[in-house]
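Input: a single structure, listed below in structure tokens.
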Amino acid sequence: MYERDPPRIRSDEYWAEIRRAWEGGATGASLAKRYDVGLANLWRRRAEEAWERKPQPDPVPEPVEGWERYAERKRDEFEFRLTETRAVASRLAEAMAGGALEAVPLWHLGFVLRWRETHLTAETAARDRDWARRYGWTAGMWTEEGRLYHQAWLDEATLQGNRAAWREDAGLPDGVAKDWP
């Protein structure tokens, strides 16, 4: 006659460890083998105790060039942006201290003009208006009283007055997205 093995009784701590492993992403088959429990028993406990796996974020795929070269490229990009930002900051600081406006990057001109009007002398503001007259698109930046419009207006005037430059900066070829900006 066939003799059966006595049933194996596992402690609650043992099943808690199996549960943690399953909820951590291990497969039922691998756990049944590793902990020497029946797969049907494992599934029964999982259902009765409502084991639940937390959604895991997708792993970040390794870049084609590998992590080392990727990190090096990112560092180089960071250093380039840092240098570029510092150069812009220097130009803006000089202009905001009353220096020449020629070095102010186009997209910051409205901000600098408004800042200078608010913080520097009326003579500086008048000199700025005279300087800006050489550009046809700047005429719409001042009210009839000679005050600058609000910042959003200045930004829009700069954008519309330099539409082709914006499209080039944005990488938009001729003939596409014709309504932008």
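Note that the coordinates shown come from a computational prediction; the quantities given were computed from them, not determined experimentally.
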In terms of ring plane angle, is the pair [X] and [Y] parallel, tilted or perpendicular, where the classes change at 30° and 60°?
{"X": "W22", "Y": "W43", "answer": "perpendicular"}
{"X": "Y35", "Y": "Y14", "answer": "perpendicular"}
{"X": "Y70", "Y": "W67", "answer": "perpendicular"}

- Message: Which heavy atom of W166 sits nearest to which heavy atom of P181, and what is that distance?
- Response: CE3-CD, 3.4 Å
- Item | Salt-bridge criterion met for R81 and E84 (N-O under 4.0 Å) | no
- Query: Are the charged groups of D130 and R127 less than 4.0 angstrom apart, N to O?
  - Reply: no
Heavy atoms from other residues, nucleotides or ligands near [atom1] of [X] exceed 12 (cutoff 6.0 Å):
{"X": "R134", "atom1": "CZ", "result": "yes"}
{"X": "W115", "atom1": "CH2", "result": "yes"}
{"X": "E79", "atom1": "CD", "result": "yes"}

- Query: Judged by atom type as modelled, is there a donor-acceptor pair below 3.5 Å linking the side chain of R163 to the main-chain atoms of W180?
  - Reply: yes
- Message: Tell me if a side-chain donor or acceptor on R167 pairs with a main-chain N or O of D174 at a distance below 3.5 Å.
- Response: no
- Message: A side-chain contact here means heavy atoms from C-beta on lying under 4.5 Å apart; do R129 and L148 qualify?
- Response: no
- Message: Is any side-chain heavy atom of R116 closer than 4.5 Å to one of L101?
- Response: yes
- Pick one: which of L154, D128, D155 meets side-chain contact (heavy atoms from CB on, under 4.5 Å) with R114? L154
- Query: Can you name the residues that form a side-chain hydrogen bond (donor to acceptor under 3.5 Å, both in side chains) with Q160, not counting sequence neighbours?
  - Reply: E156
- Each residue besides F78 in its hydrophobic cluster should be listed here, by chain and number; the cluster joins Ile, Leu, Val, Met, Phe, Trp and Tyr at side-chain heavy-atom distances under 4.5 Å. L82
